[in-house]
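Structure first, commentary second.
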Amino acid sequence: MSQKDRHLFLVCPNSLTPTQPGNSVHTLDNVWHDGNCKTTISAENEVEAQKLANNYKFGFRKWKSHVTERPFEERSEVVKELYSELNVIKPHTGSLITFGNIVYVFLFGWWLALAYLMVGMLVCVTVIGVPYGKLCWQVSLYFLWPFGKSVKRVCSNPWIPEVIIKIFSLFQRYVRTYVWLLLGCPLLVIVHSVACLLSWLLVFSIPVAKMNGYILTSILLKPPEEIHISKVKEVLFKTSLLCCYHAFNSYYYKYTVDGINVFAVNLLPLVIFALVIGYVDRDNRFASSEVKFATAIGSIIPLSYYIGMGIASISAQSNFAVGAVVNATFGSITEMTFYITALLRGHQQGNKCLQEIVKSALTGTLLGCILFIPGICMIIGGLRHREQRFNSRSAGVGSALLFISVGGVFAPTMFSKAYGNLVCEGCNSTNTSSTFTCQSCRYDLLSFSPRPLVYSISVLLPIAYIIGLIFTLKTHSDIYDIHIGEGHVSASGHMNAVVHWSRWRALLFLLIATLLMSACADLTTEHIQPILTQPHISQYFIGITVLAMVPEIPEIVNGIQFALQNNISLSLEVGSCIAVQVCMIQIPLLILFNAFYDVGFVLIFSDLHLWASIFSVVLVNYIFMDGKSDYFQGTALVVVYLILLAVYFFAPSPAGC
C-alpha cells in the first residue's frame with residue numbers, strides 16, 4: 001500500500017475514548033483538536049484496512065464483519081473457544097452444573113439417552129450384539145450428562161493369545177458388526193442427524209451439534225471394545241475422541257462459516273423452502289398465502305446479508321471508482337426489487353393498493369432509518385459507554401442531505417395541496433341543507449400535471465447526491481481527518497490476506513442473491529393480499545413496518561455492533577446513508593422506471609407520510625446538534641418512532657385498498 005493509499009480522508013468516527021486494542025483487532029486512535037477529530041485506523045491486512053476506510057465514505061455500505069480470514073492466534077480466547085475441537089481434553093475450573101447444561105438435559109439429553117437405551121435393548125436381543133448393547137447403555141448414560149466426561153479409544157488387550165483372537169474375533173466381530181450396521185446404526189444416524197440439525201439451528205447450542213457430529217464420524221463405527229468412557233480426571237489414556245464441558249455458549253452469535261455469519265447460513269434453507277412452496281404449490285394446498293408471504297419476506301433477511309457481504313468484499317479489493325459503482329448499483333437492490341415487482345403486479349391487476357403499499361414502504365424505510373436505527377444504537381451504545389461523541393459537522397452534512405431529500409421527495413405532495421382541487425368520493429347529503437358526508441377526499445391536480453415537477457425533482461435529487469459525494473470525499477475532506485496508520489498493516493506480518501470471497505466469487509454471489517431476491521419479492525407481492533385484507537390492521541402499518549424494516553435487519557445489526565464498540569458515528573451513518581439513498585437514488589429510479597413503463601406511480605404521498613417524515617427530520621437534526629449521544633436521546637427517538645407506528649396502526653386504510 002502506497003503512502004497515498006494509506007491516507008484516506010473520510011468521515012470521522014465518534015468517541016473521545018480510543019478503542020482498546022485488546023478488545024478488537026481493529027483499533028481507532030482518536031485525537032480531538034480545533035473542533036475536529038483525527039482518527040487512525042489500523043487493521044491486520046490491507047484488504048481489511050480498505051474495508052474499514054470504505055465504512056467512513058459517504059455513499060458506501062457500512063459493513064462490520066471481516067472480509068478476510070483473521071489469524072487464529074490473534075483472536076480473543078472467547079472466540080478461540082468457539083472454534084475449538086471437542087477431541088482435546090482441556091483443564092476446566094468451575095461448576096459443570098450451569099443453566100445451559102440443565103437446558104441441554106431437557107432439550108436433547110433425555111431423548112438421546114432414551115434412543116441409545118432402546119437401540120441397546122434391540123441389539124441385545126440378537127445375543128451376538130451384546131457388546132454393542134452394553135456400549136449403548138454406557139453411551140446412554142453419557143448423553144444424559146456428558147459434561148466432564150471423555151470418550152477415549154483404547155487398543156485391544158495384548159495379553160490375549162493369538163489363537164483366541166482368531167477364534168473369537170474373526171467370526172464374531174464380523175457378524176456382530178453386520179448386526180450393528182443393520183439394526184443399531186441406521187436408527188442412531190437418524191437420531192444424531194436430527195439432534196445435530198436442531199442444535200445447529202439454535203446457534204447457541206452448536207457445541208451439541210459438534211458433539212453429535214463427532215459421534216457420527218468418529219465413534220459410531222468403532223468396535224465396542226475400543227471405546228472407553230470415563231471422567232476427565234481419570235487420565236488413563238492419551239487419545240480422546242470426545243470431551244465436552246458446556247452445551248451452550250452465548251457468544252456463538254459471532255460464529256462464522258467461510259466468513260458468513262451462522263445466522264445467515266441457517267436462514268439460507270428458508271429461501272429454498274419459500275421458493276419451493278411458492279412456485280410449486282400454486283393452489284395453496286399445502287401452505288396458505290399467509291405462510292408463503294411470511295417465508296418470502298423472511299427470506300429477504302439472509303439475501304440482504306449476502307448482498308451486503310458481496311458489496312463489502314468487492315469494494316475492499318477494488319479501487320474507489322469500482323467500489324462506488326458497486327455500492328450505487330447493488331446498494332439499493334434489495335428494496336428496488338420489491339418496489340418494482342409490487343408496482344408491476346399492481347398495474348397488471350389494476351390494484352392501486354400495491355402502489356400505496358410501496359409509498360408506505362418508502363416512508364417506513366425513511367422513518368426507520370431516521371428514528372429507529374439511530375435510536376436503538378444510541379440506547380445500546382449509551383448503556384455500555386454512558387456517553388458517546390461524534391463529529392457534529394460531519395453529522396450536519398448528512399442532516400442537510402436529509403432536509404434536501406425530504407423536501408424534494410414531498411415537493412409534489414405540497415404542490416398538490418397548494419394548487420390541487422379537493423375531490424371527494426362516496427358523498428351523501430345528510431339533510432336538506434348543502435352539507436355532505438363523504439367517505440374519502442383527496443387533492444387532484446386536474447388543471448396541472450405533476451409530471452414535469454416530478455421529473456425535475458428526479459434529476460435534481462441525484463445531482464444533489466453527487467454533490468454530496470464530491471463535498472465529503474474531495475473538496476472538503478479536511479473536516480473528516482481519518483487515515484490508515486503507517487506501519488500498522490505490515491507490523492502484523494499478514495500482507496497476503498486470504499479473502500473469504502474473491503471479487504469474482506463476490507460478484508457471482510451478488511448476481512445469484514439478486515435473482516433470488518427478485519423471486520422472493522415476486523412471491524411477497526403475490527401473497528400479500530390476504531395480509532392486506534386483515535380488518536384490524538391498517539395497510540399503512542404493514543408497509544411501514546414489515547415491508548420497510550425487514551430488509552434492513554442486517555443493517556440494524558451492523559449499527560448495533562458499531563455502537564457496542566463505541567463507534568456511534570458509523571451507527572448514525574448506517575441510518576442516514578440508507579435514508580438519503582431512499583430519497584436520492586431509489587425514488588428517482590422508480591420515477592425513471594415509470595417513465596419508460598407506465599405503472600401509474602405518482603409521487604404524491606398522503607398527509608400522514610408528509611408530516612411524519614418532516615417531523616422526524618426536524619427531530620433528528622435537533623438531537624444531532626451537540627455531537628453527543630446517550631441512551632436518553634436514543635430513547636426519545638425510539639419513543640417517537642413507536643408513537644408514529646401507533647398512529648399508522650389505527651389510521652384508516654389508504655385509498656384503493
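Predicted model only: the values in this text are computed from it and were never measured.
- Here Phe541 and Phe649 bring their ring centres to under 6.0 angstrom of each other.
- Within the model, atoms OH of Tyr641 and CG of Leu619 stand 14.0 Å from one another, a figure rounded to the nearest 0.5 Å.
- At a threshold of 4.5 Å between non-hydrogen side-chain atoms, the residues Phe273 and Val271 do not count as touching.
- The backbone N or O of Ser65 lies less than 3.5 Å from a partner atom in the side chain of Lys51, making a donor-acceptor pair.
- Here the side chain of Ser313 pairs no donor or acceptor atom with the backbone of Gly310 at under 3.5 angstrom.
- Among all heavy-atom pairs drawn from Leu590 and Met336, the shortest one is CD2-CE, 3.7 Å.
- The minimum heavy-atom distance linking Ala464 with Leu401 is given by the pair O-CD2, 4.1 Å.
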Exercise. Checking side-chain contact (heavy atoms from CB on, under 4.5 Å) for the pair Leu461/Ile457: CA distance, chi angles, key distance, verdict?
Worked result: CA-CA 6 Å; Leu461 287 178; Ile457 291 171; 3.6 Å; yes

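- Distance alone, capped at 3.5 Å, places no donor-acceptor pair between the Asp281 side chain and the Ile277 backbone.
- In this structure the side chain of Met378 never reaches within 4.5 angstrom of the side chain of Asp630, judged on heavy atoms.
- Looking at Lys292 and Asn284, their side chains do bring a donor and an acceptor atom within 3.5 Å of each other.
- The heavy-atom pair separating Leu608 from Ala651 by the smallest distance is CD2-CB, 4.0 Å.
- Atom CZ of Arg386 has 12 or fewer heavy atoms from other residues, nucleotides or ligands within 6.0 Å.
- Rounded to the nearest 0.5 angstrom, Leu275 CG and Cys520 SG are separated by 4.5 Å.
- One finds the CD1 atom of Ile379 at 10.0 Å from the CD1 atom of Ile560 (value rounded to the nearest 0.5 Å).
- Annotation for Ile380 and Leu564: closest pair CG2-CD2, 3.3 Å, computed over non-hydrogen atoms.
- No more than 12 heavy atoms of other residues, nucleotides or ligands shown are found within 6.0 angstrom of OH on Tyr622.
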For this session: Run the numbers on Tyr305 and Ile553 for side-chain contact (heavy atoms from CB on, under 4.5 Å), then give the verdict.
Result: CA-CA 9 Å; Tyr305 178 91; Ile553 288 179; over 6 Å; no

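- At distances below 3.5 Å, not a single donor-acceptor pair connects side-chain atoms of Ser405 with backbone N or O atoms of Met584.
- Between Phe204 and Tyr252, the distance separating the two ring centers is not shorter than 6.0 angstrom.
- A heavy-atom distance below 4.5 Å is not found between the side chains of Phe615 and Leu367.
- Annotation: Phe263 is not in aromatic contact with Tyr253 [ring centroid separation under 6.0 Å not met].
- Checked by atom type and distance alone, the side chain of Thr533 pairs as donor or acceptor with a backbone atom of Pro530 at under 3.5 Å.
- One N or O on the side chain of Asp598 and one on the backbone of Gly600 form a donor-acceptor pair closer than 3.5 Å.
- Counting only distance, with no hydrogens or angles, the side chain of Thr525 and the backbone of Ala342 share no donor-acceptor pair below 3.5 Å.
- Of all heavy-atom pairs between Ile301 and Pro554, the closest is O-CG, 3.7 Å.
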For this session: Applying side-chain contact (heavy atoms from CB on, under 4.5 Å), run through Glu356 and Gln539 and close with a yes or a no.
Result: CA-CA 9 Å; Glu356 294 299 324; Gln539 285 84 352; over 6 Å; no

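- Looking only at atom types and distance, the side chain of Thr341 has no donor-acceptor partner in the side chain of Asp522 under 3.5 Å away.
- One distance of note links CD1 of Ile544 with CD1 of Ile357; it measures 9.5 Å at 0.5 Å rounding.
- We find that Lys64 and Glu555 are not joined by a salt bridge, their nearest charged nitrogen and carboxylate oxygen being 4.0 Å or further apart.
- In this structure, CZ on Phe410 lies 7.0 Å from CD1 on Ile614, to the nearest 0.5 angstrom.
- Residue-environment remark: CZ (Phe403) exceeds the threshold of 12 foreign heavy atoms within 6.0 Å.
- Other residues, nucleotides and ligands place more than 12 heavy atoms under 6.0 Å from the CZ atom of Phe330.
- Side chains of Gln388 and Asn566: a donor on one and an acceptor on the other come within 3.5 Å.
- Between Ile307 and Leu510, the closest heavy-atom pair is O-CD2, 3.4 Å.
- Residue-environment remark: CE (Met414) exceeds the threshold of 12 foreign heavy atoms within 6.0 Å.
- Ring geometry, Tyr306 versus Phe509: the interplanar angle falls under 30°, so the pair is classed parallel (tilted spans 30 to 60°).
- Checked against the 6.0 Å centroid criterion, the rings of Tyr540 and His609 qualify as a close aromatic pair.
- The main-chain N or O of Phe605 is found under 3.5 Å from a side-chain atom of Thr413 such that the two form a donor-acceptor pair.
- Side-chain N or O atoms of Asn594 include one that pairs as donor or acceptor with a backbone N or O of Phe601 at under 3.5 Å.
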For this session: Start with the C-alpha distance between Cys583 and Leu366, add both sets of side-chain angles, then the distance that settles side-chain contact (heavy atoms from CB on, under 4.5 Å), and finish with yes or no.
Result: CA-CA 8 Å; Cys583 297; Leu366 185 63; 3.8 Å; yes

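- Atoms OG and CG, from Ser458 and Leu592 in turn, are 7.5 Å apart once rounded to the nearest 0.5 Å.
- Checking side-chain atoms of Asn558 against main-chain N and O of Trp63 turns up no donor-acceptor pair under 3.5 Å.
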